Asker: 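This is the structure I have questions about; it appears just below.
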2 protein chains.
Amino acid sequence: MRTVEKALKLLNFFTEQQPEHGLSNLARLSGIDKATVLRMLGDMEATGLVEQDTRSRKWRLGAGILRLARLREAAFPVTRVLTPILERLATETGETAHASLLSGRELGSVAAVESTRSNRVIMEAGHILPLHATASGVAFTAFANPEIRERALAGDLPQVTPATPTTRETFEPLVREAMTKGYALSDQAFEAEVTGIAAPIFGPDGFACGAISVATPSSRMTADHVSSILSALAPAARLATLGLGGHIPSHHKIAA
Amino acid sequence: MRTVEKALKLLNFFTEQQPEHGLSNLARLSGIDKATVLRMLGDMEATGLVEQDTRSRKWRLGAGILRLARLREAAFPVTRVLTPILERLATETGETAHASLLSGRELGSVAAVESTRSNRVIMEAGHILPLHATASGVAFTAFANPEIRERALAGDLPQVTPATPTTRETFEPLVREAMTKGYALSDQAFEAEVTGIAAPIFGPDGFACGAISVATPSSRMTADHVSSILSALAPAARLATLGLGGHIPSHHKIAA
DNA sequence: AAACACTGGTGTTAATAATGAACCGATGCG
DNA sequence: CGCATCGGTTCATTATTAACACCAGTGTTT
């Protein structure tokens, strides 16, 4: 089916730990024939989305991505707006803060500021956050366009950790709870020993377009800590929405 | 022909002045049928490369690009390395400095620092620099892999300004001169009233992978100014190459 | 209000472009 | 030396893509 989409999905195999891939490796990971993968890579190379190391023949993300990112930032300065907000959020909470935006059918992590504590959560750069397995995802889903929300609830929910909700019956209550509380808390559903607390970022249409989140080691998570994080998260989320030109629905409120 | 490449070429129509496009507009610009463009956009939306404004239905570059850019920066911190070098270059010369990297078959501008003078050259973010019409392009071509150089020389050379070389006979001498001098100077071949001076950035294989450049109003360009710029540009280019893990050919030298 | 020129988006069929198995030469390893 | 893997190429088959016409909605002009 749709070739373009299949080709672009190859980009998702590049991660911070695995920033380079050989041809056969990519073919194996994607389940696509080598010859096809090669052609796709060639096409993406022509536009700078990927590039090939001349010696090792391995492929990596290309410089064209940097160009496009600069272009987008020039028109919609997302990172510029979010980073100072995250910095303040990180210092106020003493924890790692990060922001993610809707990217396809998932959230893409676009900015993060790490806590300075020695025991802190490390955010891998440019991670993809599944909607059902992260606090950010649940907070986003709760306030997303109903059509997107329904698709998320109905989609299949791969297990990431033992605590990941994998059925609609376990996922939907989390979303409902987030809808009433205005934020989402997810305990070790994405990564062991990590608890996330997230609030939605709203777009101009009044629906969520992303999320802002604080991640802490689960061991540090107490009721007091949660409420102190929330009191920093709420204004941060508000600033993020306004800074990106979004619109906060009048009824929206973050409350434990 | 190759659908993936055609689809990705659509991304090049998004510029700093035109960051959003309607469907029909994109179809017109690209010469592709509306229905086809729509499917391509849909595929690219699924991976976050583009996104659609829900109200205006216009398309723009998507948040997925930011995610990918962060990922690439995490593995190969190009911008982080180049920006301070450009800052120093800009203050030392009092002119606008920028860097570009090979992206497909052209150079993509990935970082820029503007001069603080009131009469300065403004670099549009994320511009594509044709190899034949810019100082960066000539400097890059001169030291690129011979295969790439030949392709550049043999390709068609669209006229950008009256001073643009449009034939191999006019283009090749510029490249040859850059090969001996170690840098390239281009007067108003890309933009009227702007002169560029550029030096190559070398990759690990000893061939150019990009260029670093200083752009000045042509009115300010004198022999003295050129040599003062060169004395700042040479170490900057050297630092850029080393900072990116590149290898400077032993015989390479920048000399007027 | 009527005619017009746009817009974004949707089917349906002909033709084109993508596919994947087999194959090649090179490299690496026990 | 033999086996496995690598990146890459070729080519017949087929399934995907592309274009045409069409639809509904919007705003302008007459």
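Small disclaimer: the values here were computed from a predicted structure and weren't measured. Here is the naming used below: chain letters follow the sequence lines, and residue numbers restart at 1 for every chain. Hydrogens, waters and symmetry mates are skipped; everything else that's a heavy atom, side chains included, is used.
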Asker: CG of B:Asn25 versus C1' of C:dG9: gap in Å, rounded?
Answerer: 16 Å

Asker: Before you tell me yes or no, could you show the steps for A:Phe190 and A:His127 under ring pair (Phe, Tyr, Trp, His ring centres under 6.0 Å), namely the whole-Å CA-CA distance, both residues' side-chain angles and the distance that decides it to 0.1 Å?
Answerer: CA-CA 12 Å; A:Phe190 185 57; A:His127 223 304; 5.5 Å; yes

Asker: Got a donor-acceptor contact below 3.5 angstrom from the A:Gln52 side chain to the A:Thr54 backbone?
Answerer: no

Asker: Could you give the NE2-to-C1' distance, from A:His21 to D:dG7, as a whole number of Å?
Answerer: 16 Å

Asker: Name all residues meeting the side-chain hydrogen bond (donor to acceptor under 3.5 Å, both in side chains) criterion together with A:Glu177; count only those two or more places apart in sequence or in a different chain, and write none if there are none.
Answerer: A:Lys181

Asker: Starting at atom CG of A:Leu38, determine the distance to atom P of C:dG20, rounded to an integer number of angstrom.
Answerer: 14 Å

Asker: Look at the side chain of B:Trp59 and decide which nucleotide, out of C:dG9, D:dA19, D:dC6, has an atom nearest to it.
Answerer: C:dG9

Asker: Check this one for me: any side-chain N or O of A:Arg57 less than 4.0 Å away from OP1 or OP2 of D:dT5?
Answerer: no

Asker: What string of B, S and - do you get for nucleotides 21-30 of chain C, 5' to 3', when a contact is any protein heavy atom under 4.0 Å?
Answerer: B---------

Asker: Between atom CG in A:Leu23 and atom C1' in D:dT5, what is the gap in whole Å?
Answerer: 12 Å

Asker: Would you mind telling me which of D:dA18, C:dG20, C:dG8 lies closest to the side-chain atoms of B:Ser24?
Answerer: C:dG8

Asker: When you compare the side chain of A:Ile65 with that of A:Leu49, does any pair of heavy atoms fall below 4.5 Å?
Answerer: yes

Asker: Suppose we screen for salt bridge (charged side-chain N to carboxylate O under 4.0 Å, His left out). Which residues come up paired with B:Glu124, at least two apart in sequence or across chains?
Answerer: none

Asker: Looking at A:Thr36, does any N or O in its side chain come under 4.0 Å of the phosphate oxygens OP1/OP2 on C:dA18?
Answerer: no

Asker: Whole angstrom is fine here: how far is it from CD in A:Gln52 over to C1' in D:dG8?
Answerer: 10 Å

Asker: Does A:Ser103 use its side chain to pair, donor to acceptor, with the backbone of A:Glu106 at less than 3.5 Å?
Answerer: no

Asker: With a distance cut-off below 6.0 Å to the six-membered ring centre and an angular limit of 45° from the axis, does B:Arg60 pair with A:Phe76 as a cation-pi contact?
Answerer: yes

Asker: By the side-chain hydrogen bond (donor to acceptor under 3.5 Å, both in side chains) test, which pairs, at least two apart or in different chains, include something from residues 141-152 of chain B?
Answerer: B:Glu150-B:Arg168

Asker: Once you build an axis from the first five pairs and another from the last five of the helix from C:dA1-D:dT30 to C:dG30-D:dC1, how far apart in angle are they, to 10 degrees?
Answerer: 30°

Asker: Would you mind reading off the distance between A:Lys6 atom NZ and C:dA17 atom P, rounded to a whole angstrom?
Answerer: 17 Å

Asker: Between atom CZ in A:Arg2 and atom P in C:dA18, what is the gap in whole Å?
Answerer: 16 Å

Asker: Quick test of your reading: applying side-chain hydrogen bond (donor to acceptor under 3.5 Å, both in side chains), list the pairs with at least one residue in residues 30-49 of chain A, sequence neighbours left out, ordered by first then second residue.
Answerer: none

Asker: Using whole Å, what does the distance between atom P of nucleotide C:dA17 and atom CZ of A:Arg39 come to?
Answerer: 11 Å

Asker: Base, sugar-phosphate, or nothing for B:Glu5, non-hydrogen atoms under 4.0 angstrom?
Answerer: nothing

